[in-house]
Each structure stands twice: as structure tokens, then as C-alpha cells.
Amino acid sequence: MENNFFSVIDRDGDARLGILKTPRFCADTPVFMPVGTQATVKGMLPRDVADIGFPIILSNTYHLYLRPGHELIRKMGGLHRFMDWRRGILTDSGGFQVFSLKDLRSISDEGVTFKSHIDGSSHFFSPENVIMFQESFGSDIMMPIDECVPPDASFSYVESSLKRTHSWAFRCLKAKTTDQRLFGIVQGGMYGDLRKISAETLREGNFSGFSIGGLSVGESKELMYDVLGLTTPHIPFDKPRYLMGVGAPDDILEAVERGVDMFDCVLPTRTARTGTFLTADGKIVIKNAVHKYSAEPVEAGCDCYTCANFTRSYLRHLFMVDEMLGPQLATIHNLAFMYRLMKNIRTSIEQKKFRVFKAGFLERYNNKAVIKQ
RNA sequence: GGGUAGGUGGCCGAGUGGUUAAUGGCAGCAGACUGUAAAUCUGCCACGCAACGCGUUGCGGUGGUUCGAAUCCACCCCUGCCCA
């Protein structure tokens with residue numbers, strides 16, 4: 001079953017152009033996957049997400065397990081049908097919640113015990129049941145449960161955590177009963193040696209792809225790029241590489257340059273909800289007073305519904321009066337921006353001009369143009 | 001005209017002798033957000049300045065009591081409600 005899932009079709013340096021294919025979707029890579037944690041990309045109709053062009057989105061096992069429950073989703077015909085998203089879905093396992101809800105969980109070799117952030121009730125996540133939950137969802141790509149360690153974790157802690165994460169990954173592989181794809185997750189904290197060990201250990205398993213976890217968790221960007229650069233060379237060339245939770249446009253460019261194929265991040269959707277628009281000239285905080293009388297679109301030349309129809313002045317107004325259309329229109333734009341970024345990245349790789357594109361993009365993105373009134 | 005309640009920083013509204021340039025909330029200004037406990041969180045918000053400190057003015061007005069008043073007293077001005 002591995003033959004058609006992923007293929008690298010072109011390269012420019014270490015940057016790769018590829019195709020990721022399952023019966024449900026076909027994605028050109030590098031690809032960005034919007035995040036829909038609770039079976040919805042917040043504020044977006046599935047139709048709008050599809051219209052922008054995204055072939056695959058992310059959802060989350062921990063959150064869907066708590067509400068509405070994997071049994072319910074299974075009975076409702078699976079996650080795709082439940083949320084009316086017919087393209088690809090990658091589900092995270094709850095590994096990130098091992099990190100983000102660290103005060104509400106405890107880890108043992110057997111698995112992770114969570115106290116629900118909703119009602120305090122106790123729940124146990126094991127490699128086996130996390131696969132079972134994701135099989136109930138019917139997600140196209142599943143993640144194993146893993147421990148995402150904080151950036152300041154010691155070498156010895158990460159070393160022992162890594163062994164557990166690896167054993168969990170192989171137990172997930174064993175527990176799998178469907179042809180849904182399962183990735184291995186490379187961890188190793190900020191230690192290059194451990195990253196290498198992690199990748200080399202996991203490549204022994206029959207994983208469909210490799211996630212890179214535990215980055216962008218509070219470390220500096222430079223460190224993240226360094227660690228990433230010490231990781232990707234050890235991941236099999238012919239398997240997709242997914243940098244979990246990243247990222248910002250500059251991070252994505254740096255990661256693509258280091259051979260990453262897949263990304264997801266809440267940044268475009270979350271910042272949209274708080275009034276920050278991503279543009280080629282950097283971020284725009286729409287509530288800033290300079291936009292009060294601006295009849296300009298958020299981003300000139302953007303073909304998204306928001307930019308095609310609304311002025312900065314109007315968008316600012318929506319945010320000032322706290323109307324829900326504001327976050328919705330902002331999310332549409334930010335996702336369209338991310339989609340366009342990825343498309344441009346792919347084109348530049350195809351034309352063997354990735355580095356030129358990257359340099360040009362970053363120069364413009366980081367040197368905020370004077371905001372036009 | 002009589003009675004009564006009240007006048008606090010852009011607005012609402014705490015505070016009724018001393019950690020008070022004055023709690024809160026709203027509005028305003030700015031910032032953050034990276035496998036989503038986020039339509040959330042943080043900072044600023046009298047005026048002036050050589051400004052992480054100093055100075056000035058300050059709780060309707062004017063006087064007064066007091067070591068010290070937004071807080072107590074006197075008079076005045078204004079507003080709401082009730083009765084004529």
C-alpha cells in the first residue's frame with residue numbers, strides 16, 4: 001500500500017516538490033494544513049476552506065475524544081461525514097496536549113493519564129486506544145501518541161522520554177487495523193544527537209511518513225532551524241516529512257529549505273480571530289487607528305473573498321464592534337494567504353528558484369512597508 | 001416655592017478622614033499569539049518633562065475644620081424625582 005502515497009517529483013537544493021495521495025485527497029507538497037481541532041476550522045465553512053484550495057486539514061484526537069467522543073463520531077459515519085469535510089484529515093493524537101496540558105496529566109511507560117480540562121475527569125491515553133480512537137474517526141493520516149518535551153528539558157530526560165515515545169510509536173503501528181496512514185514522530189528535544197537517533201530508530205518501522213515534533217515550543221527560531229537541519233537528513237528521502245505545529249511564514253520557508261513537506265499551524269486562524277492579518281508586507285493589526293479611513297483592501301492583489309470585497313476600514317469596524325464576521329473574514333484571508341504562500345513555494349521549487357523566492361519574500365515580509373492610509 | 005436623592009478622571013461606577021493620581025467595567029491606544037483549555041491574553045490610558053523617575057493639577061464651586069479631606073462643616077451652583 002505504500003507505493004502511491006507519496007512521491008518526490010522535483011527538487012531545488014533540499015527543498016522538495018511532491019505529491020501526497022490517498023483515496024480521498026491529493027495534495028501537492030509542500031502543503032499547509034489548516035487546523036480544525038474540534039472538527040471545525042474555527043469560523044470557516046468547510047466549503048470556504050475547500051474553495052481556497054486546501055486538500056487536507058488537521059483535527060485532534062484529545063479534543064474529539066472528550067467531546068463528542070470517538071464512539072459518537074463513529075456512529076455518525078466518521079469524522080469526514082460528521083463535519084462535512086470530504087477531503088483529507090490528519091488527526092493529531094493528543095501528543096501536543098501532553099505538552100500544553102502538562103499540569104493536567106501524568107506519564108508512564110504504559111501511556112498518559114489526563115485530567116479533562118473541561119470537567120476534571122480522568123482519562124487514559126495509550127498507544128493502542130489512541131489508534132482505536134483515530135480509526136473511529138476515520139482520519140486519513142494518524143499520529144501516534146508521543147511526548148512533546150519542553151525546550152529546556154535536560155539531555156537525560158529527553159533521552160528517556162525518547163525511548164518511551166519510540167516504543168509508543170511501534171505499539172501504535174502494531175495496534176493499527178485499517179489502511180489509514182500512520183506516521184512516526186521524531187522527537188529529541190533540542191539535541192541533534194537525539195534527533196538523529198530518533199529518526200534512525202523510527203525509520204526501522206513501517207511508517208507512512210515522519211513527523212517532526214517538539215519544535216516551535218518556545219525555543220528561538222535560530223535554534224529551531226538548527227535542530228531541524230540536524231533532523232531532516234536522517235529521515236528517509238522518499239517519505240513525507242511533516243513539521244508539526246509550524247508555522248509562521250518565515251519558519252515555513254526555512255523548513256522547506258531543509259526538506260520539509262507538510263505543515264500545520266493555528267497561527268493564521270488564531271491570529272485572524274484576534275484581528276491580525278498576514279500579508280506579503282508583514283502582519284497588519286486591523287484595529288490600529290491608521291486603518292480607520294483606509295479604503296484599501298487588506299492586501300492588494302489578494303484574490304480572497306475578503307480582499308476582493310471589503311476595505312480595511314470596514315474590517316476594522318467589524319473588529320471594533322466585535323462582530324463575528326470580522327474573525328470570519330480575517331480567517332478567510334489568512335488561510336488564502338497561506339495557501340498562496342505554499343503555492344508560490346511550489347512554483348519556485350519547480351523553477352529552481354526557491355532561494356531567490358525565499359529571499360525576496362522575507363525581505364518584503366520583514367520590512368513592513370509604510371502602511372497606506 | 002417645599003421635600004428628597006445626588007454631583008468622582010471620555011462614559012458608567014467604587015471609595016465616606018490617612019498604604020488615593022484615586023478599585024472596577026466600558027470606550028480608546030498599542031502588543032502578543034507556532035501539532036488551539038484562545039472570538040483569548042498582556043501593557044498603557046489627568047497634564048508636563050532631560051520620563052522605568054520627577055514635577056504640577058485633581059473627586060461641582062468657594063471658604064473652613066484637621067498634622068492630614070474625594071471623604072467632616074458652611075454657603076453657593078447644578079441635576080433627577082415627588083408635592084405645590
If you measure from the P atom in C75(B) to the same atom in A27(B), how many Å do you get, rounded?
43 Å

Syn or anti for C52(B)? Use the chi torsion, O4'-C1'-N9-C4 for purines and O4'-C1'-N1-C2 for pyrimidines, with syn inside 90° of 0.
syn

What pairs with Glu110(A) under salt bridge (charged side-chain N to carboxylate O under 4.0 Å, His left out), at least two apart in sequence or on another chain?
Arg171(A)

Tell me what Arg316(A) touches on the nucleic acid: a base, only sugar-phosphate, or nothing, going by heavy atoms under 4.0 Å.
sugar-phosphate

In whole Å, what is the span from the CZ atom of Phe319(A) to the P atom of G28(B)?
14 Å

Work out how far the P atom of C12(B) is from that of G60(B), and round it to whole angstrom.
14 Å

Looking only at the aromatic ring of each residue, does the gap between the centers of Tyr65(A) and Tyr62(A) stay below 6.0 angstrom?
no

Phe54(A) and Leu267(A): same hydrophobic cluster, using ILVMFWY side-chain contacts below 4.5 Å?
no

For Glu219(A) and Met224(A), the nearest pair of non-hydrogen atoms, with its separation, is OE2-CB, 3.3 Å

Integer angstrom distance from the C1' of C78(B) to that of U8(B)
15 Å

Nearest-Å distance once atom C1' is located in both G13(B) and C26(B)
10 Å

Just checking, any donor-acceptor pair under 3.5 angstrom between side chains of Tyr305(A) and Gln328(A)?
no

In this structure, is the centre-to-centre distance between the rings of Phe125(A) and Phe133(A) below 6.0 Å?
yes

Distance, C1' atom - from C59(B) to A46(B), rounded to whole angstrom
12 Å

Anything below 3.5 Å on both distances counts as a pair; with that, list the stems of at least three consecutive Watson-Crick or G-U pairs involving RNA chain B.
B:1-7 with B:77-83, B:10-12 with B:24-26, B:28-32 with B:40-44, B:46-49 with B:53-56, B:60-64 with B:72-76

Given 3.5 Å as the limit, does a donor-acceptor pair link the side chain of Asp261(A) with the main chain of Arg241(A), or not?
yes

Return yes if a side-chain donor-acceptor contact under 3.5 Å exists between Ser121(A) and Asp119(A), otherwise no.
yes

Using the C1' atom in both, what is the distance from G10(B) to C44(B), to the nearest Å?
16 Å

Does any donor atom in the side chain of Gln180(A) or Thr178(A) lie under 3.5 Å from an acceptor atom in the other side chain?
yes

If I pick the P atom on A70(B) and the same atom on G1(B), what distance separates them, to the nearest angstrom?
33 Å

Take atom C1' in C45(B) and the same atom in G9(B), then report the distance between them in whole Å.
11 Å

Starting at CG of Leu278(A) and ending at C1' of A32(B), how long is that distance when rounded to a whole Å?
14 Å

Quick one, give me the B/S/- string for nucleotides 33-41 of chain B, reading 5' to 3', where B means a protein heavy atom under 4.0 Å from the base and S means that only happens at the primed atoms, P, OP1 or OP2.
BBBBBBBB-

